[in-house]
Amino acid sequence: AAATYEGIKDLSLSLWYYNYHDIANVIYAQAGYAHELSKDISLVFGLQYDGSQETGDALLGKQDAQTYGISLETNFSDIGVTVLAAYNKDNGDTGAMGLSLGGGPFFTSMEDQTLDVLETSGSAWVIGAGYDFGKLGVDDLIFGVAYGSFEADDASLYQSSEIDAVLEYNYNDKISATAAYASVNFKGNRMEDYDQVRVLVNYNF
């Protein structure tokens with residue numbers, strides 16, 4: 001079940017409820033606010049909450065997630081630059097739970113790493129920037145980079161960082177392509193670093 005509200009200018013609110021039979025009850029809430037500082041600069045501010053509790057036979061075991069998030073995106077339309085920052089924190093006993101479908105995912109989710117990978121309480125933060133090449137005469141081409149950190153409250157259990165680079169091109173209304181590179185590095189938990197490359201081509205009928 002879900003409800004959304006957009007009765008106040010520049011403000012959007014949404015609330016989602018999920019019942020996974022014999023697994024968990026999940027509540028997801030999100031608020032977004034957009035504000036123009038000038039004709040060339042705009043801000044988008046976001047808040048989110050995601051909570052879960054096991055139910056029935058608890059087929060996936062105990063679930064106790066209490067996840068909060070905040071994000072801020074600034075668009076400089078005159079120069080084609082977007083910068084963003086996001087932070088998520090989970091205070092639950094079992095860590096963030098990635099079962100929210102229509103609402104979510106977490107503001108700090110990256111190409112590979114996301115908060116629920118910690119499997120315990122912890123936090124994540126992300127900073128990034130994007131550039132629209134339309135300002136250089138190349139329409140529908142966007143490049144973005146981001147850096148994120150994921151750390152359990154007990155850092156010996158899980159600590160990682162990720163660097164992303166993404167290139168997106170919309171050839172026309174039907175054809176688009178994305179190339180994404182992610183480099184994931186771990187600290188102190190005996191997991192091996194790795195790189196990931198994805199290339200996607202979409203055709204819309």
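Everything quoted here is computed from the prediction, not taken from an experiment.
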- Message: Against Tyr49, only a single residue in Trp16, Phe106, Tyr68 fulfils ring-ring contact (aromatic ring centres under 6.0 Å, His included); can you say which?
- Response: Tyr68
- Beyond-backbone contact of Arg198 with Tyr181, side-chain heavy atoms, under 4.5 angstrom: no
- Message: I'd like to check Asp40 versus Phe76 (side-chain heavy atoms, cut-off strictly below 4.5 Å). Are they in contact?
- Response: no
- Task: State, without any angle test, whether Ser77 and Asn75 hold a side-chain donor-acceptor pair at a distance under 3.5 Å.
- Result: no
- Task: Mind running side-chain contact (heavy atoms from CB on, under 4.5 Å) on Ile41 and Glu36 for me, showing each step along the way?
- Result: CA-CA 6 Å; Ile41 303 176; Glu36 290 188 359; over 6 Å; no
- Note on the structure: Smallest heavy-atom separation, Gly69 atom then Asn88 atom, equals CA-ND2, 3.1 Å
- Item | Any donor-acceptor pair under 3.5 Å from Thr94 side chain to Asp64 backbone | yes
- CG of Asp173: more than 12 outside heavy atoms within 6.0 angstrom? no
- Give the cluster check for Ile142 versus Val83: same hydrophobic cluster or not, with ILVMFWY residues linked at side-chain heavy-atom distances below 4.5 Å. no
- Okay, side chain of Glu54, backbone of Gln63: is any donor-acceptor separation there less than 3.5 Å? yes
- Message: Assigning hydrophobic clusters by single linkage (Ile, Leu, Val, Met, Phe, Trp, Tyr; side-chain heavy-atom cutoff under 4.5 Å), is Tyr169 placed with Leu200?
- Response: no
- So do the side chains of Asp164 and Val145 get within less than 4.5 Å of each other, counting heavy atoms only? no
- Less than 4.5 Å apart, any side-chain heavy atom of Thr74 and any of Leu37? no
- Query: Can you tell me if OH on Tyr171 sees more than 12 non-hydrogen neighbours from other groups inside 6.0 Å?
  - Reply: no
- Note on the structure: Interatomic distance, OG1@Thr67 vs CG@Asn91, rounded to 0.5 Å, equals 8.0 Å
- For Ser121 and Asp90, the nearest pair of non-hydrogen atoms, with its separation, is CB-O, 3.4 Å
- Can you tell me if Gln48 uses its side chain to pair, donor with acceptor, with the backbone of Tyr28 under 3.5 Å? no
- Task: Taking all heavy atoms of Ala180 and all of Glu111, pick out the closest pair and write down the distance.
- Result: CB-OE1, 3.5 Å
- Message: Please determine whether a side-chain nitrogen of the Lys or Arg among Asp153 and Lys89 lies less than 4.0 Å from a carboxylate oxygen of the Asp or Glu.
- Response: yes
- Query: To the nearest 0.5 Å, how far apart are CD in Gln66 and CD1 in Ile27?
  - Reply: 9.0 Å
- Query: Which distance, rounded to the nearest 0.5 Å, do you find between the CG of Asp193 and the OG of Ser183?
  - Reply: 7.0 Å
- Spell out, yes or no, whether Val117 and Met191 are grouped together once hydrophobic residues are joined by side-chain heavy atoms under 4.5 Å, including indirect joins. yes
- Worked check of side-chain contact (heavy atoms from CB on, under 4.5 Å) between Lys62 and Asp93: CA-CA 9 Å; Lys62 181 180 179 180; Asp93 292 336; 3.4 Å; yes
- Taking every non-hydrogen atom, the tightest pair across Gly56 and Asp22: CA-OD1, 3.4 Å
- Task: Establish whether Tyr87 and Phe45 are linked, either directly or via other cluster members, by ILVMFWY side-chain heavy-atom contacts under 4.5 Å.
- Result: yes
- Hey, could you give me the CG/CG distance between Leu72 and Leu43, rounded to the nearest 0.5 Å? 6.0 Å
- Message: Classify the ring geometry of Phe186 against Tyr158: parallel below 30°, tilted from 30° to 60°, perpendicular beyond 60°.
- Response: perpendicular
- Message: Please evaluate residues Trp125 and Tyr147 with respect to the criterion ring pair (Phe, Tyr, Trp, His ring centres under 6.0 Å), reporting the C-alpha separation (whole Å), side-chain torsions for both, the decisive distance (0.1 Å), and the verdict.
- Response: CA-CA 8 Å; Trp125 58 266; Tyr147 176 86; 5.6 Å; yes
- Message: Is there a side-chain contact between Tyr33 and Leu47 in this structure, where contact means two heavy atoms from C-beta onward sitting under 4.5 Å apart?
- Response: no
- Message: Would you say Leu15 ends up clustered with Tyr5 if hydrophobic residues are merged whenever their side chains have heavy atoms under 4.5 Å apart, either directly or through other cluster members?
- Response: no
- Query: Any idea which heavy atoms bring Asn170 and Ser176 closest together, and the distance?
  - Reply: OD1-CB, 3.0 Å
- Query: Less than 4.5 Å apart, any side-chain heavy atom of Gln113 and any of Val126?
  - Reply: no
- Item | Spatial distance of atom OG (Ser38) from atom CG (Asp78) [nearest 0.5 Å] | 7.5 Å
- Item | Contact check, side chains of Tyr131 and Thr82, non-hydrogen atoms, under 4.5 Å | no
- Smallest separation among heavy atoms of Leu115 and Ser123, with atom names: CD1-C, 3.8 Å
- Task: Please test Thr178 against Val166 for side-chain contact (heavy atoms from CB on, under 4.5 Å), starting from the C-alpha separation and ending with a verdict.
- Result: CA-CA 7 Å; Thr178 301; Val166 180; 3.9 Å; yes
- Main-chain N/O of Lys174 paired with Asn172 side-chain donor or acceptor, under 3.5 Å: yes
- Task: Could you tell me whether Gln196 atom CD has more than 12 heavy atoms of other residues or ligands within 6.0 Å of it?
- Result: yes
- Point-to-point distance, once rounded to the nearest 0.5 Å, from OG1 of Thr114 to CD of Glu162: 9.5 Å
- Message: side-chain contact (heavy atoms from CB on, under 4.5 Å) for Asn19 and Val26? Distances and angles first, verdict last.
- Response: CA-CA 6 Å; Asn19 174 260; Val26 181; over 6 Å; no
- Item | Any Tyr17 side-chain heavy atom under 4.5 Å of Asn25 side chain | yes
- Query: Parallel under 30°, tilted from 30 to 60°, perpendicular over 60°: which one fits the rings of Tyr18 and Tyr20?
  - Reply: parallel
- Message: Is a donor from one side chain sitting under 3.5 angstrom from an acceptor on the other, for Gln159 and Glu151?
- Response: yes
